[in-house]
Protein chains: 2
Amino acid sequence: MSTAQGARARARAEVTAAIKEAARRQLAEEGAARLSLRAVARELGMVSSALYRYFPSRDELLTALIIDAYDSLGVAAERARDAAPDAAPVDRWTAVCEAVRGWALAHPHEYALIYGSPVPGYSAPETTVPAAARVGLVLIGIVRDAHQGPGLSLPPLPADLRPEAARIAADLAPELPAEAAAALVAAWAQLFGLVGFELFGQFNRVVEDREAFFRHAAGGLARQVGLADG
Amino acid sequence: MSTAQGARARARAEVTAAIKEAARRQLAEEGAARLSLRAVARELGMVSSALYRYFPSRDELLTALIIDAYDSLGVAAERARDAAPDAAPVDRWTAVCEAVRGWALAHPHEYALIYGSPVPGYSAPETTVPAAARVGLVLIGIVRDAHQGPGLSLPPLPADLRPEAARIAADLAPELPAEAAAALVAAWAQLFGLVGFELFGQFNRVVEDREAFFRHAAGGLARQVGLADG
DNA sequence: CAAAAAAGAGAGCACCGCTCTTGCTCTGGG
DNA sequence: CCCAGAGCAAGAGCGGTGCTCTCTTTTTTG
């Protein structure tokens with residue numbers, strides 16, 4: 001067995017998991033700014049210096065939580081994508097958008113951690129990139145399916161954006177037309193604008209029925225990326 | 001004279017301004033999380049406790065900076081709106097969007113302060129609301145002008161959103177049709193999604209020519225709120 | 001001119017991230 | 001089997017933080 005590495009390694013993995021769990025709880029309750037290594041250690045009945053055997057700094061612990069958060073959001077998006085594989089692309093799109101919103105509302109501090117302001121002195125290491133890409137890949141996949149199925153309806157690009165759109169398409173989804181790739185990236189960013197504004201209180205006293213409003217806006221994003229209208 | 005209140009009041013205003021200025025400098029250099037009352041006091045040659053005569057807490061100082069940032073962004077948007085009062089609404093719209101982006105790129109930490117994650121466990125007090133509304137009012141004004149001039153072209157609303165859209169219109173811009181008000185709020189949030197993603201690094205390795213990309217996306221937002229296409 | 005209000009200075013509290021040293025325990029190679 | 005070394009927890013301590021309290025000085029005001 002590969003896990004037969006010994007009791008020591010298993011204990012280390014367990015303590016690491018316990019630290020992350022406690023930290024995630026504190027993060028959910030207090031927010032990233034208030035997450036304290038000493039408090040985590042206290043909760044686990046250790047002394048603060050012992051924690052440094054597992055995470056070399058508070059920022060490293062935060063990075064681990066960031067990756068977990070990206071993964072958790074990615075899983076939520078993937079589940080929504082796979083829930084109704086035969087539905088119309090526009091419905092799958094809005095389902096994924098609503099899953100993103102739902103995850104954000106359920107994990108506001110984790111959402112703030114990954115899509116809010118970068119917390120510490122600029123540490124967004126490369127290791128977070130694959131996890132961060134997951135939800136984007138889900139969106140790309142839906143548009144790709146639609147492109148290979150019912151097709152996309154998109155206006156042509158202005159000349160000055162054509163090279164950039166081609167570059168984006170080449171990097172992101174070579175099988176998609178350039179205008180779809182560009183629209184997709186814009187819609188991706190705009191989706192998180194909608195979610196972030198609701199979550200961070202900008203919609204207070206402005207939008208009441210946020211569910212309905214978001215569903216409508218997500219449908220607009222779907223139209224924007226060329227998914228056929230209902 | 002109203003300023004003849006005495007040397008004491010004037011001195012107080014000057015010290016308050018100096019504190020805010022030093023804090024703004026630190027904010028621009030280090031970010032909100034690293035802004036330290038003690039460091040501000042040190043820079044001003046005072047002792048930290050003296051600072052509490054001017055701001056009752058670190059959060060109050062941050063709130064003052066938040067209001068200033070909202071105002072600064074609002075002024076930038078208003079200037080862009082007024083730069084070409086006779087231009088087509090769609091061009092004035094994109095000009096304002098580009099002004100918002102330009103301000104954000106020039107003041108990243110201040111942008112993060114007002115549109116990033118809410119910093120500690122603190123919620124923005126009521127006093128920030130009017131300042132926060134300025135840039136929104138600019139966008140509303142442009143659409144209102146277009147509505148009273150060349151007119152708007154918008155698809156009808158789905159039935160389930162109609163009451164919410166009417167409520168939004170009533171609160172925000174009673175002279176606008178409900179579908180314009182709803183589209184406006186969505187575009188407003190989406191604009192800041194675009195800006196935030198660029199600023200917080202989500203476009204790294206994805207979008208290269210961000211200027212062109214943003215101009216195109218802002219044009220899409222203009223279409224979305226019903227402004228006539230070029 | 002005296003009382004009151006405002007302001008600054010300093011000490012101090014409780015917390016923070018992080019480092020260093022000191023022991024203890026577990027593990028693996030001779 | 002045994003012991004050197006690795007892994008780990010604990011404690012003390014450094015410099016930093018926000019904030020409070022007291023004391024003194026200065027300025028305004030009745």
Side-chain angles (χ1 to χ4, degrees), chain A residues 1-20 22-23 25-27 29-66 113 118-123, chain B residues 1-20 22-23 25-27 29-66 113 118-123:
Chain A
M1 303 235 329
S2 62
T3 58
Q5 257 299 19
R8 192 132 225 175
R10 187 164 46 249
R12 181 175 181 85
E14 276 171 17
V15 173
T16 305
I19 291 170
K20 284 213 287 187
R25 269 206 333 95
Q26 286 204 8
L27 175 66
E29 285 172 7
E30 306 275 359
R34 291 236 200 283
L35 182 130
S36 146
L37 263 170
R38 289 179 116 113
V40 169
R42 219 174 301 136
E43 182 176 324
L44 265 53
M46 339 173 52
V47 98
S48 77
S49 59
L51 240 154
Y52 287 82
R53 300 258 169 213
Y54 299 88
F55 293 93
S57 75
R58 179 180 180 276
D59 283 2
E60 293 277 340
L61 175 55
L62 268 182
T63 300
L65 296 182
I66 286 175
L113 187 62
V119 191
Y122 287 117
S123 70
Chain B
M1 292 188 53
S2 63
T3 59
Q5 255 301 17
R8 189 134 227 176
R10 186 163 47 248
R12 182 174 182 85
E14 276 169 17
V15 173
T16 305
I19 291 171
K20 285 212 289 184
R25 270 204 334 95
Q26 286 203 8
L27 175 66
E29 284 170 9
E30 305 274 359
R34 294 241 198 282
L35 183 132
S36 149
L37 261 167
R38 289 178 113 113
V40 169
R42 222 158 15 221
E43 183 176 324
L44 266 52
M46 346 173 47
V47 100
S48 77
S49 60
L51 235 153
Y52 286 81
R53 302 262 176 215
Y54 298 88
F55 293 94
S57 77
R58 180 180 180 274
D59 283 1
E60 293 279 339
L61 175 55
L62 269 181
T63 299
L65 296 182
I66 285 175
L113 187 62
V119 194
Y122 122 127
S123 60

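Because only heavy atoms are used, hydrogens play no part in the values below, and waters and symmetry mates are left out as well, while side chains stay in. A note on names: the letters A, B, ... follow the listed sequences, proteins ahead of strands, and every chain is numbered from 1.
- Per the geometry, CG belonging to B/L37 stands 5 Å off P belonging to D/dG18, to the nearest Å.
- We find that CG of B/L51 is positioned 15 Å from P of C/dG10, with the value rounded to whole Å.
- Whole-Å rounding puts the B/Q26 CD to D/dG16 P distance at 14 Å.
- Counting distance only, with no hydrogens placed and no angle test, the side-chain atoms of A/R12 and the base atoms of D/dG7 include no donor-acceptor pair under 3.5 Å.
- The residue among A/A39 and A/R53 whose nearest nucleotide of DNA chain C is located toward the 5' end is A/A39.
- B/S48 contributes no side-chain N or O that forms a donor-acceptor pair with the base of D/dG18 under 3.5 Å.
- In this structure, B/S49 and A/P56 both approach DNA chain C, and ranking their closest nucleotides by distance from the 5' end singles out B/S49.
- Two residues are said to be in side-chain contact when any heavy atoms from C-beta on lie closer than 4.5 Å; A/F55 and A/T16 meet this criterion.
- To the nearest 0.5 Å, atom NZ of residue B/K20 and atom CG of residue B/L61 are 9.0 Å apart.
- Spacing between atom OH of A/Y52 and atom P of C/dT19 amounts to 7 Å, rounded to whole angstrom units.
- Phosphate proximity of D/dT17 to B/R42: present, with a side-chain N or O under 4.0 Å from OP1 or OP2.
- When rounded to the nearest whole Å, the span between CE of B/M46 and P of D/dC19 equals 16 Å.
- Taking atom CD1 of residue B/I19 and atom P of nucleotide D/dG18, one finds them 13 Å apart after rounding to whole Å.
- Put simply, B/S36 has a side-chain N or O that comes within less than 4.0 Å of OP1 or OP2 on D/dT17.
- Put simply, CD on A/E14 is 16 Å from C1' on D/dG7, counting in whole angstrom units.
- Within the 4.0 Å cut-off from OP1 or OP2 of D/dA9, at least one side-chain nitrogen or oxygen of A/Y54 is found.
- Contact check on B/R25 versus B/E43 returns a salt bridge, with a Lys/Arg side-chain nitrogen under 4.0 Å from an Asp/Glu carboxylate oxygen.
- Proximity of a side-chain donor or acceptor of A/R34 to a complementary backbone N or O of A/Q26 within less than 3.5 Å is not detected.
- Regarding contacts with the backbone of C/dG17, a side-chain N or O of A/R58 is found under 4.0 angstrom from either OP1 or OP2.
- Side-chain atoms of B/R38 come within donor-acceptor range of the base of D/dG18, with a qualifying N/O pair under 3.5 Å.
- Distance A/R10 CZ to D/dG7 C1': 16 Å, rounded to the nearest Å.
- Side-chain contact check for A/M46 versus A/V40: every heavy-atom pair is 4.5 Å or farther apart.
- Remark on DNA chain D: of its neighbouring residues A/A11 and B/L35, the 5'-side contact belongs to A/A11, judged by nearest-heavy-atom nucleotide.
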